[in-house]
Structure formats: C-alpha cells, structure tokens
**Q** 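A single structure is presented below for examination.
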Amino acid sequence: MQNQIAQLREEIEREIAAVTNQQQLEEFRIKFLSRKGLIASLFDNLRNVPGVDKPIVGKQLNELRQRAQSVLDEKILQLKSKPKSAEHLDLTLPGRRKFRGTKHPLMQTLDEIKSIFVGMGFGIADGPEIEDDWHNFSALNFAPDHPARDMQDTFFVKGDILLRTHTSPVQIRIMENNKPPIRTIMPGRVYRNEAVSSRSLCNFYQVEGLAVDKGITFSELKGTLLSFARQFYGKDIKYRFRPSFFPFTEPSAEMDITCFICKGKGCRMCKQSGWLEILGCGMVDPNVFTSVGYDPEQYTGYAFGMGIERTAALLYGVDDIRLFYENDVRFLRQF
Ligand code: PHE
C-alpha cells in the first residue's frame, strides 16, 4: 500500500508538470482527484490495511490528496496568468514596422541646394514675407506700370504693403545693410495671386542667389550655376542659357539642362523637348545698385532664382506640385 502511494505521488508530480492547457488539467483532476479517481480508490483500499498500520497509511493518503490538490491549484493559477498569445507565438510572422517621420521632400530639396551653395562659399540669409513696394518692386527696377504689380499677381495687405511675390527683395535688404563683397543665397516663401494648378501654386518656395564684388562677370555666373546643376542634377547634364527678361537683371537669362530622365531624347517629363528649364538669372542691373547706394561703375554682380516645388518635382518626377501640400502620408513616405 505504501509503495502504491509512493508510485502515485511520482505519477502526480510527473503528470502535472506536463499539463499545459485546460483540457489536460481537467483530465488530471478526474484521474487523481475525482470521486472515482486513483486517490479515492486508495482510500477505499484502506479497509484492507492491518489495524496497526491504518493511522500512518491514512496520514500518508491524506498528504497525497493534499499534495495533488495543491499542485492542481497552482497549475490553475499558472495557466490563468500565462498570456494566451504565448501559446500561439508565431516567430515566422513579419515584425510590425514603426514608421518614423522624415523631412518633407521640399525641405530635403532645399537642404541639398543650400549645402551645394554653402560648399561654394555662399552664406544663407532670409527676409520678411510681408514686404513693401520699394523692396519687392521699385528698388528692383520694376517700372511703375509693370504688369507684375497688377492686383492679379500680387496679394496686397494694405496700401503699398504686400506679400512678397519673389525672394528678390531680400537682395535689396542685404545690399542696404552690407558692403560688397556679397555672396549669399536667400531661401523663403513667396506668394502670388495665381490660379492653383498642377504647375502653379499661390504660395511656394524660392531660393535666390546674389554675388556682388568688383569685376564679377557673366562667365562667373555661368560657372557657378553649371557647377550647381552638375552637383544637383548629375554630372553628365548638358546646359544652355536662353536670353530672357527680368527688370532687375541685364542681361537676363534662363538656364535649361538636358532632361536627366531621357538624356535629351524627349519624354513626358520634358514635354518631348529634351530640355528642362531650371532657373532664372542675370547680371544685376545698374539701376538696382543705384537704388541701394552701390556705385555701378565700381561693382558688378549676378543674381539667380529658382522655385523649390518645381525643382523637387523635376528631381523626383512628380507631375502635380499640389501633392507636396496635401500631406498625404502615402505620398510623403516615398521620400
Ligand atoms: N525673382 C525672379 C522670379 O521670381 C527670379 C530671378 C531671381 C531671376 C534672380 C533673376 C535673378 O521669377
């Protein structure tokens, strides 16, 4: 009898250790602790034990039942606290990716432009977005009846106060406050009273550049902008300067580069022309120097300007610049 008790005790310990779910737990309870279970049947056999041994065997049986009950209770608690998912842990499932924010593509483009010009010795400056007519137009040699002053292009705030239509007024502010030599780029937001479309916005970014010193020539303008274009768009691009007009530069030009998508063969991006227009530029008009108190006989300089949205659109092949302002993460995640 005592042997049976010892064996059963071993069996209980072994089997409870193997229990991992509710069903096995119930089977364990029925096998050992139910009314027809193994422990109960040993209690039945107690009848056949000789009188002298009864107390000690009875005590051992009671201990066995207590032990079985306590390991069962322990297991119940264990199974409860065990997180369900641990049973179904599938290590082959792909991880859950946390999306990190990134810099907006327009700011990435601007950063790249800035770092190229800083690498060529340019400083960075900014100016107010609310301007007066003098800095935005008059000092930049816009004739009083120039169409760009028309209500259609300019958002007026009050009287001659307006939202700047380009970053060129920052040129004026820098020259008013500094003596040459000057070599600075001026990024910032500009505003135009224009219909919004896939190619134009009423609020966008430009980067302006200005270099003024004694003896600056058009070839320095070309060399600087070509170096920029090669670093930014790729070193095998070809370029051309087309004559253009801006009131504040003379001569004025627009710079085109060969389309970096089709390498000049003609594609949707360059509208089959093989060329992409990337910026406006020119030699600072002597009238501009006069308005800021520089002597145009002593100093020459060049200026250039480009739109960031257009530049980013070209670089990333985006065909609608409004996408940059919709803040749709499906779009933004691609950069
Ligand atoms: N300010 C001009 C524009 O907005 C761009 C430009 C800047 C052209 C400097 C020449 C020199 O279109």
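Just so it is clear, the model here is predicted, and its values are computed rather than measured. Values below: every heavy atom of this structure, side chains too, minus hydrogens, waters and symmetry copies. Order of appearance sets the numbers: ligands from 1, and atoms from 1 within every ligand.
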**Q** N or O contacts of ligand 1 with protein under 3.5 Å, please list pair by pair.
**A**
unit_1   : atom_1 : unit_2 : atom_2 : d
ligand 1 : 1 (N)  : H166   : ND1    : 3.1
ligand 1 : 1 (N)  : S168   : OG     : 3.0
ligand 1 : 4 (O)  : R192   : NH2    : 2.9
ligand 1 : 4 (O)  : Q206   : NE2    : 2.9

**Q** Parallel under 30°, tilted from 30 to 60°, perpendicular over 60°: which one fits the rings of Y302 and F304?
**A**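 It falls in the parallel class, under 30°.
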
**Q** Do Q66 and N62 have a side chain donor and acceptor closer than 3.5 Å?
**A**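 No, because no side-chain N or O of Q66 sits under 3.5 Å from a partner of the opposite role on N62.
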
**Q** Which atom pairs, donor and acceptor, lie under 3.5 Å between side-chain atoms of residues 106-131 and protein residues at least two apart or in another chain?
**A**
unit_1 : atom_1 : unit_2 : atom_2 : d
Q108   : NE2    : K103   : O      : 2.8
T109   : OG1    : P105   : O      : 2.8
D111   : OD2    : K103   : NZ     : 2.7
S115   : OG     : E112   : O      : 3.3
E129   : OE1    : Y191   : OH     : 2.4
E131   : OE1    : R173   : NH2    : 2.8
E131   : OE2    : R173   : NE     : 2.7

**Q** Could you tell me which residues satisfy side chain to side chain donor-acceptor pair (under 3.5 Å) with S252, sequence neighbours excluded, listed by chain and number?
**A**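 Expected list: T249.
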
**Q** Scan residues 36-47 for pairs that pass side chain to side chain donor-acceptor pair (under 3.5 Å), counting only residues two or more places apart or in two chains.
**A**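 Residue pairs with at least one partner in residues 36-47: there are none.
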
**Q** Assess the side chains of Q22 and E26: does a donor N or O sit below 3.5 Å from an acceptor N or O?
**A**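 No.
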
